[in-house]
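Written below as structure tokens is the structure these notes are about.
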Amino acid sequence: MSNASLHALPSADRPDVAERLRDALLAADFTADGLLDLLGAPAYAALARSETVPALRATRGDTPLQLLVRLFLLQQSVPRARVTGVLPVDDCLASGWLVPGDDGEVTAAVDVRPYGGPDGEDWFIVSDLGCAVGGAGGIGSKDEGVVLGVGGASTTLAGITVRTPVAAALDLGTGSGIQALHAAQHATRVTATDLNPRALHITALTLALSGAPAAELREGSLFEPVRADETYDLIVSNPPFVISPGARLTYRDGGMGGDDLCRTLVQEAGERLREGGFAQFLANWQHVEGEDWQDRLRSWVPRGCDAWIVQREVQDVTQYAELWLRDAGDHRSDPAEYRARYDAWLDEFETRKVKAVGFGWITLRRTGAAEPSITVEEWPHSVEQPLGDTVRAHFERVDYLRAHDDAALLAAHFRLAGEIVQEQVGLPGAEDPEHVVLRQNRGMRRATKVDTVGAGFAGVCDGTLSAGRILDAIAQLVGEDPVSLRDRTPAQIRLLVELGFLEPTTG
Ligand SMILES: C[S@@+](CC[C@H](N)C(=O)[O-])C[C@H]1O[C@@H](n2cnc3c(N)ncnc32)[C@H](O)[C@@H]1O
């Protein structure tokens, strides 16, 4: 792997310097909140789009925070004398965080981005220069080994990860170390792997600078660095999922054909999971002509695992090619070169009969169940992150439904989940709605159609009466035979439980 044009990294063997640097950054309010206050929302948001001009304008003064933003986020040199009282400059120069420049100026060797943890922690994510914010359209280097900071995919995965306390977690393809940093809060032991040794070095810096325990760092592809007898309670990976005509950038191009890297990752995760353990991935998958995309994904799920797969977005092949050409900054290259690259993407898709690409989340949970539950669904609507608890609850409901046949459901008691409203859909002025929708304003923000019995049933579920008793009362009210109502309604109750609209109670 070539790192020819990349900057030398700070030493990962000086945790004492990382700690002093961390104290100095915090003292200057170099935090996510501090940054937002300083830059204001528009300049802050522009940075996420790789646009630095508004932030440069907001940091023209000489306050400690302005100096630090220029140094660590905007790749500007600053006079050494100005940062002497702000940073442990000698230590930072000796251990390589800072680099001496011309005329008594210093520059940073890496980007450092303040990043707020879920419980208000002030963390720092280290990445290669020019890579802290925004997509790689603005990356400072096109070297194949460049290590990016936090992107939308990173925070999505961090948000959907189940955060129960566990003994052992694995972050596969750790990059800047963001997932390992999150895992270090609830896993006793964290192993972080990457094909790119530079990423492992940067992960060590991210953890040290954030004051997190060190992770076990291992170099290698996919599960290669994991010994055959090692298993984990949690595996997370935001892999290089891009389906591209040939590997170029290690952070995104997996180097295996089509969606093979994601498939391999999912298939091989099963035997690395402990009983009850979760594996959570972001992935891209091909929509191939003549094939059902859901069947394709179902076939990836390893034996012994339940799975919940959510397709969040689908792009046709032209949108997809353009997205990643822009991500690499190719649209700023020579037009003929750009056209040739674009053509190569479309050639690749044509050869593979790919018409579109799906983006989404894959969660596996290892279970001893004889009949695994595999849910593959499309949910492109907005959701309420973090979803870790929602993901955990999904699998708890799967267990519940597996253990309860229709008779058991009728004997059970349910409560309507929180923040659910009923919407009636139909023509204006019509006496009866065409259909009724239940909508939940939490978590996945689900909506589902129900019939009037389903809506009435959900409305009275407060845990007091069994489902069967409620149905008997509804039957009496609407003049329907209670036996036939008890016969036909469990399927609807099952769906409402599966989607989280109804919660079983012990009452
Ligand atoms: C999209 S980045 C994710 C980085 C980070 N985990 C995050 O969530 O932001 C993918 C990472 O996987 C690494 N990688 C690429 N190919 C790999 C492979 N075959 N096995 C393991 N890691 C790989 C890349 O070096 C990169 O650090």
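Order of appearance sets the numbers: ligands from 1, and atoms from 1 within every ligand.
Nearest non-hydrogen protein atom to atom 16 (N) of ligand 1 is Pro240 CG, 3.3 Å. Residue, atom and distance of the protein heavy atom nearest to atom 27 (O) of ligand 1 are Asp194 OD2, 2.6 Å. Remark: minimum distance from atom 6 (N) of ligand 1 to any protein heavy atom is reached at Gly173 O, 2.8 Å. Of the protein's non-hydrogen atoms, Thr174 O, 3.2 Å is the one closest to atom 5 (C) of ligand 1. Of all protein heavy atoms, the one closest to atom 19 (N) of ligand 1 is Ser221 OG, 2.9 Å. Residue, atom and distance of the protein heavy atom nearest to atom 2 (S) of ligand 1 are Tyr251 O, 3.2 Å. Atom 3 (C) of ligand 1 has Asn238 O, 3.1 Å as its closest protein atom, hydrogens excluded (heavy atom only).
A salt bridge does not link Asp119 to Arg163: none of the charged nitrogens lies less than 4.0 Å from a carboxylate oxygen. Taking the charged nitrogens against the carboxylate oxygens, Arg392 and Glu396 do have a contact shorter than 4.0 Å, which makes a salt bridge.
For the residue pair Asp33 / Thr31, no side-chain donor-acceptor distance below 3.5 Å is found, with atom types taken as modelled. With hydrogens and angles left out, the side-chain atoms of Gln66 and Thr63 include a donor and acceptor closer than 3.5 Å.
Aromatic pair Phe124/Phe72: ring centres not closer than 6.0 Å. You'll find the ring centres of Tyr320 and Phe359 inside the 6.0 Å limit.
Considering backbone and side-chain atoms together, Asn196 places no N or O closer than 3.5 Å to any N or O of ligand 1. Of the N or O atoms in Ser176, none lie within a sub-3.5 Å distance of an N or O in ligand 1. On a distance-only criterion, Gln179 and ligand 1 share at least one N/O pair closer than 3.5 Å.
Without hydrogens or angle criteria, Asn196 side chain to Gly145 main chain gives a donor-acceptor distance under 3.5 Å.
Contact annotation for Thr193 and ligand 1: no heavy atom of the residue comes within less than 4.0 Å of the ligand.
At a 4.0 Å cut-off, at least one heavy atom of Gly220 sits close enough to ligand 1 to count as contact.
Phe30 CZ to Asp122 CG: the interatomic distance, rounded to the nearest 0.5 Å, is 11.0 Å.
Within ligand 1, counting atoms from 1 as listed, the ones closer than 4.0 Å to a heavy atom of Ser154 are 7 (C), 8 (O), 9 (O). In the vicinity of Ile178, heavy-atom distances shorter than 4.0 Å reach the ligand 1 atoms 7 (C), 8 (O), 9 (O).
Proximity annotation for atom 20 (N) of ligand 1: of Leu222, Leu195, Leu181, Leu222 comes nearest, heavy atoms only.
For Asp13, the side-chain hydrogen bond (donor to acceptor under 3.5 Å, both in side chains) criterion is met by no residue, not counting sequence neighbours. Residues meeting the side-chain hydrogen bond (donor to acceptor under 3.5 Å, both in side chains) test with Arg312, sequence neighbours left out: none.
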